[in-house]
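See below for the structure under consideration.
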Amino acid sequence: MNKPLLSLRGVKAYYGNVIALKGVDLDVNEGEIVALIGANGAGKSTLMMTVFGDPRAREGQIHFAGRNITALPAHEVAKLRIAQSPEGRRIFPRMTVMENLQIGATVADGSGLAGDLDRVFALFPRLRDRIHQRGGTLSGGEQQMLAIGRALMARPRLILLDEPSLGLAPLLVQQIFAAIRLLNEQDKLTVFLVEQNAYQALKIAHRGYVLVNGEITLQGSGADLLQRSEVRAAYLEGAR
């Protein structure tokens with residue numbers, strides 16, 4: 001098994017006096033897709049945001065590639081080649097597709113910009129067709145493609161994907177998850193995936209974790225978790 005690229009140990013995070021993460025231990029090994037599933041309000045997005053220091057982990061440690069990044073500001077975390085496609089996409093609606101992608105490239109050295117664009121357009125051909133269109137005029141699925149594409153422009157070793165299927169039609173959900181699998185298999189990109197669509201997430205994940213009220217309650221291979229009766233009852237009924 002490859003060594004952990006991202007490792008969380010005893011991580012606690014708060015919003016004011018309310019504890020959101022209650023001592024989380026989690027590993028994402030190099031070359032893996034790891035899925036984090038759970039109900040709304042379980043703390044999934046908080047965990048992902050804590051990796052980037054917002055909110056800051058009040059207890060515990062976060063390591064990336066062997067380096068303690070617990071206290072690093074978000075822009076320093078990004079320079080380590082960790083990229084994020086956040087919940088809600090958060091593209092720049094007044095900027096064009098090209099401008100959004102160029103923003104994503106600001107933490108990478110500019111020498112390979114054309115190749116990076118080609119990589120994104122090969123994965124999401126629709127973005128090439130809309131290269132001069134403002135982000136805010138794209139469909140929901142196209143905006144999600146743009147959010148992932150913008151993250152890829154940073155040439156990450158690790159990409160954090162927060163709810164990439166949220167609000168998308170079933171066909172687009174299939175396309176997004178197929179793209180995630182392709183990035184992992186062909187580009188060897190390590191993926192940490194937070195997702196409410198537990199069935200789709202666990203189907204492509206090497207390993208998964210279940211988060212309940214800020215605590216990890218189950219972990220295992222994606223295939224194993226798909227078969228667990230408690231996971232099926234809580235997260236998979238009608239999800240296919």
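Any value given below was found using the heavy atoms of this structure, including those in side chains, with hydrogens, waters and symmetry copies removed.
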Within-4.5 Å side-chain heavy-atom neighbours: Q102 and V97: no
Around atom CZ of R56, are there more than 12 heavy atoms of other residues, nucleotides or ligands at under 6.0 Å? yes
State whether R94 and E99 are salt-bridged, where the test is any N-O pair (Lys NZ or Arg NE/NH1/NH2 against Asp/Glu carboxylate O) under 4.0 Å. no
How many angstroms lie between atom CD1 of I176 and atom CD of E195, to the nearest 0.5 angstrom? 10.5 Å
Shortest non-hydrogen separation from L202 to A35 and the atoms involved: CD2-CB, 4.3 Å
Using the rule side chain to side chain contact (heavy atoms under 4.5 Å, CB included), only one of I82, N184, L152, I180 pairs with I159; which is it? L152
Output, in order, the C-alpha distance, side-chain angles, deciding distance and verdict of side chain to side chain contact (heavy atoms under 4.5 Å, CB included) for V34 and V191. CA-CA 6 Å; V34 172; V191 179; over 6 Å; no
Closest non-hydrogen contact found for E142 with L127 is O-CD2, 3.8 Å
Would R155 and D187 pass as an ion pair if we require N to O under 4.0 Å? no
Find out whether the Lys NZ or Arg CZ of R128 is both under 6.0 angstrom from the six-membered ring centre of F121 and within 45° of the ring's axis. no
Side chains of K12 and I19, heavy atoms from C-beta outward: is any pair under 4.5 Å? yes
Below 4.5 Å, heavy atoms only, C-beta onward: do V173 and Q200 meet side chain to side chain? yes
Decide whether I69 and L21 are clustered together by the hydrophobic rule: side chain heavy atoms of Ile, Leu, Val, Met, Phe, Trp, Tyr closer than 4.5 Å, transitively. yes
Does some side-chain heavy atom of I103 sit less than 4.5 Å from a side-chain heavy atom of M95? yes
Same cluster or not: I204 versus L168, using hydrophobic residues (I, L, V, M, F, W, Y) connected whenever any side-chain heavy atoms lie under 4.5 Å apart? yes
Measure the CG-CD1 distance between L8 and I62 for me, rounded to the nearest 0.5 Å. 4.5 Å
Check whether S7 reaches the backbone of P4 with its side chain - one donor and one acceptor, N or O, closer than 3.5 Å. no
CD1 of I33 to CG of L189: how many Å apart, nearest 0.5 Å? 9.0 Å
Heavy-atom nearest pair, D162 first then S45, reads OD2-OG, 2.9 Å
Which pair of non-hydrogen atoms, one from V194 and one from P164, has the smallest distance, and what is that distance? O-CD, 3.6 Å
Verify same cluster id: L211, L226 (apolar side-chain graph, 4.5 Å): no
Does the pair R67 and L80 meet the rule for a side chain to side chain contact (heavy atoms under 4.5 Å, CB included), with working shown? CA-CA 10 Å; R67 176 179 177 179; L80 298 176; 3.3 Å; yes
Roughly how far, to the nearest 0.5 Å, is the CE atom of M49 from the CG atom of D54? 5.0 Å
Decide side chain to side chain contact (heavy atoms under 4.5 Å, CB included) for D27 and E32; before the verdict, give the C-alpha distance in whole Å, the side-chain angles of both, and the deciding distance to 0.1 Å. CA-CA 10 Å; D27 289 321; E32 281 188 317; over 6 Å; no
Side chain D224, main chain G220, donor-acceptor under 3.5 Å: no
Is the shortest heavy-atom distance from the side chain of L123 to the side chain of Q175 under 4.5 Å? no
So does T70 get a backbone contact from the side chain of N68, meaning a donor-acceptor N/O pair under 3.5 Å? yes
Grab the two heavy atoms, one from V120 and one from G149, that are nearest each other, plus how far apart they are. CG2-O, 3.7 Å
Nearest 0.5 Å please: distance from the CG atom of N100 over to the CE atom of M153. 11.0 Å
Run the numbers on Y209 and T217 for side-chain hydrogen bond (donor to acceptor under 3.5 Å, both in side chains), then give the verdict. CA-CA 8 Å; Y209 293 84; T217 59; over 6 Å; no
Taken to the nearest 0.5 Å, the spacing of T190 OG1 from L6 CG works out to 10.0 Å
If only atom types and distance count, is the side chain of Q144 paired as donor or acceptor with the main-chain N or O of G141 below 3.5 Å? no
Hydrophobic cluster identity match, L158 and I148, side-chain contacts under 4.5 Å: no
Between F192 and L161, is any pair of side-chain heavy atoms under 4.5 Å apart? no
Would you say the side-chain atoms of N213 pair up with the backbone N or O of A42, donor to acceptor, closer than 3.5 Å? no
Donor-acceptor under 3.5 Å (Q143 side chain, L138 main chain): yes
Just so I know, are the side chains of K44 and E163 near enough to count as touching, which here means a heavy-atom distance under 4.5 Å? yes
Among the clusters formed by ILVMFWY side chains lying less than 4.5 Å apart, do F92 and F124 turn up in the same one? no
Which heavy atom of P86 sits nearest a heavy atom of R150, and at what distance? CD-NH2, 4.2 Å
Would you find a donor on one side and an acceptor on the other, under 3.5 Å apart, between the side chain of R157 and the backbone of L5? no
V11 and E59: CA distance, side-chain angles, deciding distance, side chain to side chain contact (heavy atoms under 4.5 Å, CB included) verdict: CA-CA 5 Å; V11 170; E59 295 181 37; over 6 Å; no
Taking C-beta and beyond as the side chain, do V210 and V231 meet within less than 4.5 Å on heavy atoms? yes
